[in-house]
Peer 1: 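My structure is below; once you've seen it, I'll send some questions.
Starting from 1, each residue takes its place in the sequence as its number.
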Amino acid sequence: MNTEMPKIRPEIDMEALRNRIRSTLSEQRMTVQNLSEKTGIPKSTLDGFLNRGTTPAFDTGALVCAVLSIPVDSITGASAPAELPEKDAPNTELLSDIKDSYLREISSLTELHRRETETLAENHHRALETLQQAHAAENAARDKHIAEISRDRGVWRVIALAAIILLVLILSVWFFWDISHPDVGLILYDKRSMLGPLGLG
């Protein structure tokens, strides 16, 4: 019966490892976000380890040490191979592929957002132009209607004035004709009374 012996992992001074990682980040002018991107470890995990005293898994600490080129034996005091075993070493090609995939997705989302923004702006511009044209057409129709009403009123005023003048003329002609023909007019006048006031009697 084959039994697999458990792997014996060296005990690591976590506080010393935290200080070493902080100093290495400062020397290499890296941020925790940069380290997260290079290792693929979530930034929240790294923040918890560096700032809140949580203890990460051994593989996580080893991956951070490998990326920052921190010798494990300098933390444990035990001799360790200069390089991590191939199965524990960070898969830089996989990390690069994941990073490229994320960048492509972000670029695609950015382009989609830009197109949506342009479409919304174009639709807003068209709607605004349509409203302005409708408002201008409404104002033009109102002005035309007012002009037509004013014109009609002017025509009716002229017709009414002409009718009044014509009526006055007709009445005046009829009146003078009636006076000049007292025997046959609508009103029968006494010729003597008509001539008296005129100084003809």
Side-chain angles (χ1 to χ4, degrees), residues 12 14-72 74-75 82-159:
I12 298 177
M14 290 297 173
E15 189 61 31
L17 179 59
R18 290 188 188 94
N19 294 333
R20 184 64 181 274
I21 291 174
R22 292 193 190 100
S23 62
T24 303
L25 289 175
S26 177
E27 291 172 1
Q28 298 183 11
R29 297 181 178 180
M30 289 177 59
T31 64
V32 178
Q33 180 64 38
N34 298 141
L35 182 60
S36 173
E37 293 174 356
K38 286 191 174 184
T39 60
I41 301 172
K43 183 176 180 296
S44 58
T45 302
L46 297 175
D47 284 333
F49 170 58
L50 295 175
N51 301 320
R52 295 192 296 274
T54 59
T55 301
F58 178 82
D59 294 342
T60 301
L63 178 58
V64 172
C65 290
V67 170
L68 296 178
S69 301
I70 299 176
V72 177
S74 66
I75 304 301
E83 297 181 358
L84 291 173
E86 183 178 355
K87 64 179 181 180
D88 292 333
N91 191 335
T92 56
E93 183 177 355
L94 177 59
L95 293 177
S96 178
D97 291 341
I98 295 175
K99 180 180 178 181
D100 292 340
S101 177
Y102 284 157
L103 291 177
R104 286 193 298 269
E105 184 175 356
I106 292 173
S107 177
S108 176
L109 292 175
T110 302
E111 179 65 18
L112 179 62
H113 178 69
R114 184 186 65 81
R115 292 179 181 177
E116 290 179 349
T117 302
E118 290 179 352
T119 301
L120 288 175
E122 184 177 357
N123 291 339
H124 177 73
H125 182 68
R126 289 178 178 176
L128 184 60
E129 285 185 348
T130 302
L131 289 176
Q132 290 176 346
Q133 292 174 359
H135 183 65
E138 182 180 358
N139 289 338
R142 183 187 61 189
D143 294 341
K144 182 180 179 181
H145 181 64
I146 293 174
E148 290 177 351
I149 292 176
S150 299
R151 184 183 60 206
D152 292 343
R153 287 179 178 176
V155 171
W156 284 111
R157 288 193 187 101
V158 172
I159 293 174

Peer 1: Who passes side-chain hydrogen bond (donor to acceptor under 3.5 Å, both in side chains) against His113, sequence neighbours left out?
Peer 2: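 side-chain hydrogen bond (donor to acceptor under 3.5 Å, both in side chains) list for His113, sorted by chain: empty.
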Peer 1: Okay, side chain of Ser107, backbone of Leu103: is any donor-acceptor separation there less than 3.5 Å?
Peer 2: no
Peer 1: Filter on salt bridge (Lys or Arg N to Asp or Glu O under 4.0 Å), then keep only pairs touching residues 24-34, sequence neighbours left out; what's left?
Peer 2: none
Peer 1: Quick one: pull up CG in Leu46 and CD1 in Ile21 and give me the separation to the nearest 0.5 Å.
Peer 2: 8.0 Å
Peer 1: Can you list the residues that meet the side-chain hydrogen bond (donor to acceptor under 3.5 Å, both in side chains) rule with Arg114, with sequence neighbours excluded?
Peer 2: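 side-chain hydrogen bond (donor to acceptor under 3.5 Å, both in side chains) list for Arg114, sorted by chain: Glu111, Glu118.
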Peer 1: Write down the atom of Thr39, the atom of Leu95, and the distance for their closest heavy-atom approach.
Peer 2: O-CD2, 3.9 Å
Peer 1: How would you list, by chain and number, every residue that makes a side-chain hydrogen bond (donor to acceptor under 3.5 Å, both in side chains) with Thr31, sequence neighbours excluded?
Peer 2: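 Counting only residues at least two positions away or on another chain, Thr31 forms a side-chain hydrogen bond (donor to acceptor under 3.5 Å, both in side chains) with Asn34.
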Peer 1: When rounded to the nearest 0.5 angstrom, what is the spacing between OG1 in Thr24 and CD1 in Ile70?
Peer 2: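 With rounding to 0.5 Å, OG1 (Thr24) is 3.5 Å from CD1 (Ile70).
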Peer 1: Under the side-chain hydrogen bond (donor to acceptor under 3.5 Å, both in side chains) test, which residues partner Glu122, sequence neighbours left out?
Peer 2: Arg126
Peer 1: Pairs in or reaching into residues 130-151: which pass salt bridge (Lys or Arg N to Asp or Glu O under 4.0 Å), with residues at least two apart or in two chains?
Peer 2: none
Peer 1: Taking atom CG of Asp152 and atom CZ of Arg157, what is their separation to the nearest 0.5 Å?
Peer 2: 11.0 Å
Peer 1: Can you tell me how far apart CG (Asp100) and CZ (Arg104) are? Round to the nearest 0.5 Å.
Peer 2: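 Going from CG on Asp100 over to CZ on Arg104, the span is 5.5 Å.
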Peer 1: Is there a side-chain contact between Phe49 and Val64, using heavy atoms and a 4.5 Å cut-off?
Peer 2: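 Side chain of Phe49 against side chain of Val64, heavy atoms only: no contact under 4.5 Å found.
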Peer 1: Can you measure from CD (Gln33) to NZ (Lys38) and round to the nearest 0.5 angstrom?
Peer 2: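 Going from CD on Gln33 over to NZ on Lys38, the span is 12.5 Å.
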Peer 1: Shortest non-hydrogen contact from Ile41 to Ser36?
Peer 2: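 Distance-wise, the nearest heavy atoms are O-OG, 2.5 Å.
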Peer 1: Do Ser150 side-chain atoms and Ile146 backbone N/O form a donor-acceptor pair below 3.5 Å?
Peer 2: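 The answer is yes, because a donor-acceptor pair under 3.5 Å joins these two groups.
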Peer 1: Just wondering, do Leu25 and Leu50 contact through their side chains at under 4.5 Å, heavy atoms?
Peer 2: yes
